[in-house]
Amino acid sequence: MTSNAAQSKAPEEAPVMIRKIGKTTYKVRIHFSDTSTETMSDKIKRMLKNEIQQM
């Protein structure tokens, strides 16, 4: 029997990160927007700035 639920599929070339925490294994596909103008460095700086403002 097939489910009618919509499933999103990540591109096959998307990097995968696998981590085991306790008895649970997590498999995460990593996706970056093709239209983003923010660099990874910019994003990290923005996240740190927001974290500091919340303290």
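The structure displayed is predicted, hence computed values, not measured ones.
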Side-chain hydrophobic cluster, 4.5 Å single linkage: members besides Tyr26: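 Tyr26 shares its hydrophobic cluster with Ile21.
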
Mind checking side chain to side chain contact (heavy atoms under 4.5 Å, CB included) for [X] and listing every partner two or more places apart, or none if nothing turns up?
X: Ile30; answer: Pro15, Met17, Phe32
X: Lys45; answer: Ser41
X: Thr37; answer: none
X: Lys49; answer: Gln53

Does Glu38 have any side-chain hydrogen bond (donor to acceptor under 3.5 Å, both in side chains) partners at least two apart in sequence or in another chain, and if so, which?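 Glu38 satisfies side-chain hydrogen bond (donor to acceptor under 3.5 Å, both in side chains) with Arg46 once adjacent residues are dropped.
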
Check side-chain hydrogen bond (donor to acceptor under 3.5 Å, both in side chains) between Thr39 and all other residues, then give those that pass, not counting sequence neighbours.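 With sequence neighbours excluded, Thr39 shows a side-chain hydrogen bond (donor to acceptor under 3.5 Å, both in side chains) to Asp42, given in chain and number order.
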
So do Val16 and Lys27 actually touch side chain to side chain, heavy atoms under 4.5 Å?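 Sidechains of Val16 and Lys27: in contact.
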
